[in-house]
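Notes follow the structure.
Computation of the quantities below employed the complete heavy-atom set of this structure, encompassing side-chain atoms and omitting hydrogens, waters and symmetry-equivalent molecules.
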There are 2 protein chains.
Amino acid sequence: MSLKHGLLGLLSTWEASGYDIKQEFDGFVSVFWHSNLSQIYPELAKLETNGWIQSRLVQQVGKPDKKLYQITAAGKEELETWLSQPPELPKRKDTFLMQTFFSDQLSTDEALFQLQTFERKQREKIDEMEKFLDDTLQGIRTRQAIKKRIVVAASVYTHAIEQEKLHLAWVKNMMVTLEKARSIWMMTERSSRLKSLTDCF
Amino acid sequence: MSLKHGLLGLLSTWEASGYDIKQEFDGFVSVFWHSNLSQIYPELAKLETNGWIQSRLVQQVGKPDKKLYQITAAGKEELETWLSQPPELPKRKDTFLMQTFFSDQLSTDEALFQLQTFERKQREKIDEMEKFLDDTLQGIRTRQAIKKRIVVAASVYTHAIEQEKLHLAWVKNMMVTLEKARSIWMMTERSSRLKSLTDCF
DNA sequence: CTGTGCATGTAACACGTTACATGATTTC
DNA sequence: GAAATCATGTAACGTGTTACATGCACAG
């Protein structure tokens with residue numbers, strides 16, 4: 001439902017190829033969307049059939065030819081319609097939170113090991129994101145750029161980093177909790193059956 | 001890939017029907033996973049075929065019969081294998097962040113209206129979540145319950161609320177930014193073409 | 001008598017992932 | 001000589017959503 005509008009949104013400010021778009025999905029845009037080439041290419045073709053975008057072939061030297069897409073008037077209309085739709089609250093899917101939630105089925109040591117691994121990966125990700133923001137925001141002050149898209153982009157990305165930091169803080173906190181309770185759980189049950197998740201409180 | 005393990009995880013501590021599981025996906029579990037009945041029922045059937053869970057029919061009075069599923073030894077093994085898999089960093093998909101990111105294609109007024117609508121919905125959601133946590137945590141202190149699952153559940157849910165609060169704070173901040181810049185943008189461009197998202201900084 | 005809750009499912013469709021296929025150029 | 005980058009796609013498969021189908025009990 002939304003890859004379509006992601007493509008239209010990206011093409012609303014610059015002419016791009018499927019490959020270019022993939023770069024954005026792997027970079028800046030990754031904080032709110034992602035996709036892969038084998039989905040992007042057919043979707044672009046579909047958008048062109050619908051008349052929302054238009055392509056032109058560009059020959060290059062030393063590189064393969066590429067197909068650049070541009071948004072049409074109809075495409076802009078479609079995008080604006082979508083942008084005006086009532087916003088929806090995100091439905092979360094987080095495998096690691098799920099793994100953690102069910103980690104009472106592992107030993108405390110195993111659970112802690114998983115948390116440690118995640119903590120390291122998460123720290124690395126945050127470092128990369130901060131580096132990326134620094135690199136791209138360096139120029140924002142030097143050049144003019146009080147453009148809407150740029151201001152919003154900076155805010156969205158900064159917020160994304162904050163989100164990731166909060167996540168990291170929680171993992172650390174979870175680790176402390178498990179360490180503290182380790183001795184208590186070492187002797188106790190591993191298979192007590194509850195009636196329901198919420199009922200058991 | 002993970003609905004399977006979500007079902008196994010839920011069935012690892014209590015016997016449940018597809019309908020019961022759906023309740024959890026709509027309640028507590030919603031902070032990290034969700035699904036709908038028309039996916040859950042066939043998936044449970046598949047898990048039973050694989051020998052990871054076992055069902056029994058239970059007759060009820062005044063209510064339709066139900067099929068309760070229990071995890072098997074093989075199912076527990078499968079679950080533990082999955083729980084020990086290296087944790088993966090979540091790949092975010094957030095339509096509202098995307099709408100906001102592309103909101104330079106709307107007027108400042110329209111963008112602000114979208115943010116206001118989201119802010120209200122988000123506040124309502126947080127209120128509900130806090131109520132839910134209060135209701136369920138009330139009993140945690142009165143009864144024993146230093147069980148692993150419960151401690152982790154409380155931590156996961158509290159963290160989920162913090163996440164949503166951070167999101168709310170960002171929306172508020174975004175609104176202030178737009179208000180401030182409104183006068184500047186009123187006169188300026190709405191269609192300046194950039195070379196690329198990151199290049200434009 | 002209408003809607004909500006309880007309870008289980010199927011069918012069609014849309015969306016997303018992985019593997020496969022091609023081929024030139026550049027970097028290690 | 002091998003791997004990465006640029007560039008575009010198809011095919012098969014797996015996951016997720018929406019619509020449909022059934023039927024009893026209870027509350028308003």
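- By the 4.0 Å N-to-carboxylate-O rule, A:D127 lies too far from A:K131 to be salt-bridged with it.
- DNA chain D is contacted by both A:D20 and B:K46; A:D20 maps to the nucleotide lying nearer its 5′ end (nearest heavy atom per residue).
- Of the listed nucleotides (D:dT8, C:dT8, D:dG16), D:dT8 has the atom at the smallest distance from the side chain of A:K66.
- Comparing C:dT8, D:dA7, D:dG23 by their nearest atom to the side chain of B:K67 picks out C:dT8.
- B:K4 comes within 4.0 angstrom of no nucleic acid atom, judged by non-hydrogen atoms across all strands.
- In the set C:dT8, D:dC6, C:dC6, the nucleotide with an atom closest to the side chain of A:Q23 is D:dC6.
- A distance of 6.5 Å separates CG in A:L11 from CG in A:L44, rounded to the nearest 0.5 Å.
- Here D:dG23 presents its P atom at 14 Å from CG of B:D65, a figure rounded to the nearest Å.
- Salt-bridge check for B:E130 with B:K165: passed, with a basic side-chain N closer than 4.0 Å to an acidic carboxylate O.
- At the heavy-atom level, A:S38 lies under 4.0 Å from base atoms of the strands shown.
- Mapping A:S2 and A:N36 onto DNA chain C by nearest heavy atom places A:S2 closer to the 5' end of the strand.
- Taking 4.0 angstrom as the limit, A:Q39 places none of its side-chain polar atoms (N or O) nearer than this to OP1 or OP2 of C:dC15.
- Closest approach to the A:K63 side chain among D:dG9, D:dC6, D:dG16 is made by D:dC6 (side chain taken as heavy atoms from C-beta onward).
- Rounded to whole Å, the distance from CD on A:Q59 to P on C:dA24 is 16 Å.
- Out of D:dG9, C:dT8, D:dC6, the shortest distance to the side chain of A:Q60 is found at D:dC6.
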Quiz item: Can A:E43 and A:K4 be said to form a salt bridge (charged side-chain N to carboxylate O under 4.0 Å, His left out), step by step?
Solution: CA-CA 7 Å; A:E43 195 61 36; A:K4 188 165 76 176; over 6 Å; no

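- The separation between B:L3 atom CG and D:dT15 atom P is 9 Å, rounded to whole Å.
- Taking 4.0 angstrom as the limit, A:K93 places none of its side-chain polar atoms (N or O) nearer than this to OP1 or OP2 of D:dT15.
- In this structure, of D:dC6, D:dT18, C:dT8, it is D:dC6 that holds the atom nearest to the side chain of A:P64.
- Protein atom CG of A:L44 is 15 Å distant from nucleotide atom P of C:dC15, rounded to whole Å.
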Exercise. Determine, step by step, whether B:E15 and B:R56 satisfy the side-chain contact (heavy atoms from CB on, under 4.5 Å) criterion, reporting the C-alpha distance in whole Å, the side-chain angles of both residues, the deciding distance to 0.1 Å, and the verdict.
Key: CA-CA 10 Å; B:E15 204 181 10; B:R56 64 186 181 97; 2.6 Å; yes

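- Among D:dT17, C:dG9, D:dG9, the nucleotide with an atom closest to any side-chain atom of B:H34 is D:dT17.
- Computed from coordinates, the A:F25 CZ to C:dG16 P distance equals 10 Å when rounded to whole Å.
- Ring-centre distance between B:F96 and A:F32: not below the 6.0 Å cut-off.
- A sub-4.0 Å separation between OP1 or OP2 of D:dG16 and a side-chain N or O of B:S35 is absent.
- Spacing between atom CG of B:L47 and atom P of C:dG9 amounts to 13 Å, rounded to whole angstrom units.
- Between the P atom of D:dT15 and the NZ atom of B:K91 lies a distance of 15 Å, rounded to the nearest Å.
- Note: CD1 (A:I40) to C1' (D:dC6) measures 14 Å, nearest angstrom.
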